[in-house]
A.B. asks: 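Got a structure for you, written out below as C-alpha cells; questions coming shortly.
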Amino acid sequence: MEPSQKPQRRAADHEFEESLEQLEDILQENLTEDEEVTKLPTSSAKEAELSQDLTAIDLDAFEDAVADIEKYLDERTK
C-alpha cells in the first residue's frame, strides 16, 4: 500500500464505522417501535399514517447508511 493511501483508508474506515453505527441505531429503533406497536393496537387511520411516516424517515436514514457503505467499498477497491 502506498503511504498516500493510508489517510484515505483511515477516513473511509471511519466513515464506514459511523455508517454501521447509524444503521445499528436505526435497527434498534425499529425493534423498539415494533414492540410498542404490538403492545398498543392502532385505532385510527391517522395513527397508521404517522407510523408510515416514521418508516419513511427511517428508510431515508437507512439509504444514507447504505450509500456511505457503497462509497467506502468503491474507495477501497481503487
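Given the structure is predicted, the values throughout are model-derived calculations rather than measurements. The basis for the numbers below is simple: all heavy atoms, side chains too, and nothing from hydrogens, waters or symmetry mates.
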A.B. asks: In Å and rounded to the nearest 0.5 Å, what is the CZ to CD distance from Arg10 to Glu15?
C.D. replies: 15.0 Å
A.B. asks: At what distance, to the nearest 0.5 angstrom, does CD of Gln22 lie from CD1 of Ile69?
C.D. replies: 9.5 Å
A.B. asks: Out of curiosity, Asp64 CG to Leu23 CG, how far, rounded to the nearest 0.5 Å?
C.D. replies: 11.5 Å
A.B. asks: Rounded to the nearest 0.5 Å, what's the gap from CZ on Arg76 to CZ on Phe16? Could you check?
C.D. replies: 8.0 Å
A.B. asks: To the nearest 0.5 Å, tell me how far Tyr72 OH sits from Glu17 CD.
C.D. replies: 8.0 Å
A.B. asks: How many angstroms lie between atom CD of Glu24 and atom OG of Ser19, to the nearest 0.5 angstrom?
C.D. replies: 13.0 Å
A.B. asks: Would Glu75 and Gln8 count as a side chain to side chain contact (heavy atoms under 4.5 Å, CB included) if you check the C-alpha gap in whole Å, the side-chain angles of each, and the deciding distance to 0.1 Å?
C.D. replies: CA-CA 8 Å; Glu75 290 176 1; Gln8 290 175 338; over 6 Å; no
